[in-house]
Structure formats: structure tokens, C-alpha cells
Amino acid sequence: MNTAILGGGLSGLTLARLIHEKGDEVTVIEAEPVYGGLCRSKTDQGFTFDTGGSHIIFSRDAEVLSFMRRMIEGSEQRNNRTTRIFYKGRYVQYPFENGLSDLPLEDRFFCISEFVKTHVAAEKGELPRPENFRDWIYHTFGRGIAECYMVPYNEKIWKFPPEKMSLHWVDGRIPRPPVEDVIRSALGIPTEGYTHQAVFSYPLKGGIEALVHAIAEPVQDRIRTGFRVTSVQRKGTVWEISNGREVIRADRCICTMPVQHLIAALDGVPAGVREACDALRYNALICVNIGVRGAVPAISWLYIPDNTLGMTNRISFPSNYSPRAAPEGCGSVLAEITHQPGDEVSSMNDAALTEEVIKTLELMGILSREQVVYSSVERQPYAYVVYELDYRKNITLVKEYCTSIGIPLVGRFAQFEYLNMDGCIRSVMDFVARQAES
Ligand SMILES: Cc1cc2nc3c(=O)[nH]c(=O)nc-3n(C[C@H](O)[C@H](O)[C@H](O)COP(=O)(O)OP(=O)(O)OC[C@H]3O[C@@H](n4cnc5c(N)ncnc54)[C@H](O)[C@@H]3O)c2cc1C
């Protein structure tokens with residue numbers, strides 16, 4: 001049995017490794033000259049940046065976490081998470097509801113009183129069931145936390161109105177804060193949220209790409225890079241996968257590349273399925289990498305909800321993840337800007353984007369332009385799945401169709417779900433286990 005895996009990101013590579021371990025033939029087909037997808041990194045002039053945005057290794061899933069940590073054994077940097085939200089010139093502890101005592105007094109009162117009012121109303125059963133993400137934010141956190149942080153930040157990262165987003169994905173991803181913790185936090189008694197992330201791992205050398213290199217190691221010679229799949233056809237019992245010049249044949253075909261690329265490569269897709277696929281929304285990402293002479297704040301990453309500070313929604317400090325991520329005496333900043341494919345941000349050139357980010361960092365007092373010794377820009381066409389209200393209806397149609405023609409979907413943009421690295425690896429492990437059973 002020869003399996004072709006479309007897409008050589010973390011999901012495709014992990015899948016290839018596990019299939020190979022079972023003794024089957026496998027070929028990973030990747031469009032880019034370098035495999036790794038969103039988990040790639042680039043080292044240039046002594047600075048290492050993750051090119052798909054800042055990545056850290058963490059998970060609630062013990063089996064997956066131990067798999068990832070085993071992969072980077074001997075080169076693992078363990079870090080305590082120090083994450084902040086930049087709010088009215090202050091560094092507020094993250095998550096916001098655990099950092100209320102860092103707020104100006106009036107805002108602190110607004111957040112806690114609205115939180116308590118909402119909590120009481122919920123206990124009395126007076127709140128209607130939330131119908132969308134915006135309602136869910138108000139019903140979970142109250143008007144104060146919603147308007148100071150949750151709504152502006154979510155509008156900035158999703159580039160989509162929260163009232164037009166579904167809420168099925170938030171459970172577990174954005175935990176409901178216990179009321180005692182929120183009161184403690186407003187009084188200044190330390191509390192910790194998102195504890196599964198409080199300590200995280202990062203490869204000492206090579207950025208997050210070191211993880212995918214380690215995973216891919218046993219299947220290195222089975223990866224075909226620079227092959228952009230444009231056609232996938234079933235000929236009898238064989239799949240023919242083509243880039244327009246060359247054909248790769250396989251008995252089985254599994255898709256880990258964005259499902260949009262698969263649907264575009266297939267013949268005879270019903271119009272309704274194509275329309276459903278076209279309606280799936282996602283955000284692209286621009287990363288602006290800045291290297292500076294001197295130190296950067298002792299923070300892991302920082303959320304920037306305030307629109308007046310520029311387009312960047314999050315910055316991270318890779319030189320705080322690993323001492324090898326920047327040359328001696330230097331620090332690094334990675335700024336993330338989400339945007340809609342084809343919007344005006346997409347057409348900004350690298351110089352304009354770099355200038356935009358440096359201005360933001362200067363306004364925030366993080367650096368001065370004289371310190372900058374390095375800059376570069378990376379772009380990712382697929383970064384975040386946006387769960388708009390029709391998401392479930394559309395993705396169900398697309399998935400049912402792919403299942404009906406015998407192409408399983410595995411991974412973040414193949415399943416079209418907000419999966420982190422651990423979620424992708426979990427999907428792969430479960431997929432392989434199901435195959436073994438059948
Ligand atoms: C800003 C950001 C920060 C993140 N931070 C974290 C984090 O801290 N921790 C964490 O666990 N997760 C994080 N993630 C999530 C993580 O990046 C993903 O879960 C994971 O990388 C998805 O892997 P994948 O293989 O499913 O998809 P991708 O990485 O998207 O891989 C798909 C592959 O398919 C290839 N491809 C596309 N079209 C074609 C074609 N036509 N032919 C052939 N190949 C094709 C692509 O080039 C790509 O290599 C983050 C994601 C983003 C965007």
C-alpha cells in the first residue's frame with residue numbers, strides 16, 4: 001500500500017512518520033521548496049524567527065505533549081510563561097480576567113462590577129442563551145472585561161465581527177473564569193489562568209522547525225518538495241496526483257493541505273460543495289521580524305487590543321524563548337498582523353510593514369528605531385480558521401463530499417478547524433489508530 005500525503009506541514013509529516021512506522025510506503029507531497037508549513041523557522045544574521053508566527057510547545061494532552069518533548073529531547077528549553085496585555089500603556093497580566101488589579105481603578109471597578117452582575121444574572125437563569133461569539137463574551141465576562149479587552153482584541157485578530165461568529169469553538173479554548181479567581185484578581189491576590197500553558201517548551205536551536213525536522217527525520221527521503229498539487233484524479237484503483245507537469249501515483253490519498261486546494265484540484269465536484277468550500281473564511285498572517293541591539297522586555301508574548309497602536313495584534317520575544325534565538329547582546333521581536341486574503345494590508349510592501357511595526361513598538365516604549373539591526377517580513381496565506389455563523393453547515397458539506405470520494409482530511413486547514421500543534425498530532429494519532437482497527 002503506497003500512501004500519498006498532500007501537504008508537508010506538521011500534520012502531513014507526523015502522519016508520514018506514523019504510517020512509515022507501521023511499515024507502509026508513503027510519499028509526502030509539499031508545494032513549497034521547504035517542508036514544515038506553519039511550523040517553519042528562519043535563521044538569518046544570528047536571529048531565529050518562526051515564520052508562521054510565534055510557536056510554543058504546550059498541551060493538555062499528556063500523550064501528545066510527551067511525543068513533542070521526546071522529539072526535541074536534548075535540545076529543549078523550558079520557559080515559564082510571562083504573558084501580558086498592553087492596555088492603556090500598562091502591562092496587564094494575561095489572561096485579562098487574572099490581571100484586573102493591573103488596571104486603572106475605574107476600569108478595575110467597571111470590570112469586576114459587571115462581571116459580578118453578569119454572574120448573578122446567569123445564576124438566576126436571567127441570561128438568554130448566547131447565539132454568537134459576541135453574546136458569549138458578554139455573558140461569560142460581563143460588559144467591563146468584554147469592552148476593555150475581549151471584544152477589541154477579538155475584532156483585531158479575527159478581522160470579523162464577533163456577532164457574526166459562531167461560539168461552538170470557545171468551550172475549552174477560552175475557559176470560563178471561576179468567580180473567586182476574578183474577585184481575587186481584582187483585589188490583587190495573584191491567580192494564574194490557562195495553567196496548562198504556564199510552563200512551555202521551545203527548541204533551544206532552530207526555532208519551532210526543529211520539532212518538525214525531528215518528526216520528519218525517519219521519512220526524509222519520502223518527502224517531495226516543490227510539488228504544488230493542482231489535480232487529484234481517481235483512475236481505477238489508483239490516485240493520480242499532478243502538478244501539471246508530473247504525476248505521482250498512489251493507492252491511497254490523504255489530504256493535509258488546505259481543503260480549498262483539494263477541492264480546486266478535483267473534477268466533478270458538485271456546485272453546492274464548491275460554494276460551501278468558497279464560503280469558508282480564514283485569515284492570512286504577516287509576521288514582521290525585528291532584531292535589536294540591547295535587551296527586550298522580559299515577556300514571552302504580548303497582546304495589543306488597542307487599534308490606535310497600529311495593526312499588530314500580538315508581539316512575541318523569541319530571544320526570551322531561547323538564548324540561541326538572537327546573537328549575544330541582542331534581542332528579538334516578532335510582530336503578527338492578521339488580515340483578510342486580498343485586502344489592502346496584503347498589498348503593503350515589506351518596507352511599509354516594517355515601518356508600521358517599528359512605529360507601534362516605539363509608541364509602546366519597547367524599542368527605539370536606532371536599536372534596530374535586523375528586519376524581515378514573512379507572509380502566510382492560511383493562518384486562522386474564522387468560525388463564521390454558517391461554518392458548521394459549510395464544513396459538513398465539504399467533509400461529507402471528501403469522505404464520499406475516499407480522501408480523508410487531517411490537519412488544521414484540511415479539517416478546517418482551529419487546531420494547535422497538539423490538536424493536529426492528536427488528529428493524526430487518532431486517524432492512524434482508526435485505520436489500524438478497520
Ligand atoms: C500565528 C500562529 C501561532 C501559532 N502558535 C502555536 C503555538 O504556539 N503552539 C501550537 O501548538 N500551535 C500553534 N499554532 C498552530 C500550528 O501552526 C498549526 O496547528 C500547525 O502548524 C498546522 O499544521 P498542518 O500541517 O495541519 O498545516 P500547515 O502547516 O498549514 O501545512 C499545510 C501544508 O500544505 C502545503 N500545501 C498547501 N497547498 C498545497 C498544494 N497545492 N500542494 C502541495 N502542498 C500544499 C503547505 O505549503 C503546507 O506546508 C499557531 C498558528 C498560527 C497561525
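Along the sequence shown, residues carry numbers from 1. One-based numbering, in listed order, for ligands and for the atoms of each.
- With hydrogens left out, the protein atom closest to atom 20 (C) of ligand 1 is Cys424 SG, 4.1 Å, a heavy atom.
- Residues meeting the salt bridge (Lys or Arg N to Asp or Glu O under 4.0 Å) test with Glu275, sequence neighbours left out: none.
- The pair Glu417-Arg412 fails the salt-bridge criterion, with no side-chain N (NZ, NE, NH1 or NH2) lying under 4.0 Å from an Asp/Glu carboxylate O.
- By the criterion of a heavy-atom distance under 4.0 Å, neither the backbone nor the side chain of Ala414 is placed next to ligand 1.
- Ring-plane geometry between Trp169 and Tyr387 is classed as parallel, the angle between the planes falling under 30 degrees on a 0 to 90 degree scale with a further cut at 60.
- Contacts between Glu336 and ligand 1 below 4.0 angstrom, taking non-hydrogen atoms only, involve the side chain exclusively.
- Residue contacts with ligand 1 for Ile29 involve N, CA, C or O but no side-chain atom from C-beta outward (heavy atoms, distance under 4.0 Å).
- Contacts between Ala31 and ligand 1 below 4.0 angstrom, taking non-hydrogen atoms only, involve backbone and side chain alike.
- Note on ring orientation: taking the six-membered ring where Trp is involved, the planes of Tyr282 and Tyr382 are parallel (angle under 30°, cut-offs 30° and 60°).
- The pair Arg224-Glu246 meets the salt-bridge criterion, with a side-chain N (NZ, NE, NH1 or NH2) lying under 4.0 Å from an Asp/Glu carboxylate O.
- Counting heavy atoms under 4.0 Å from ligand 1, residue Phe227 touches it through the backbone alone.
- The nearest protein atom to atom 3 (C) of ligand 1, hydrogens excluded, is given as Ser54 O, 3.5 Å; this is a heavy-atom distance.
- Residues satisfying the side chain to side chain donor-acceptor pair (under 3.5 Å) criterion with Gln371, sequence neighbours excluded, are absent altogether.
- The proximity of Ile57 to ligand 1, defined as any non-hydrogen pair under 4.0 Å, does not occur for either the backbone or the side chain.
- Salt-bridge formation is not detected for the pair Arg252/Glu25: no Lys NZ or Arg NE/NH1/NH2 atom is positioned less than 4.0 Å from an Asp or Glu carboxylate oxygen.
- Of the protein's non-hydrogen atoms, the one nearest atom 38 (N) of ligand 1 is His261 ND1, 3.0 Å.
- Contact annotation: for Tyr382 versus ligand 1, there are no heavy atoms closer than 4.0 Å.
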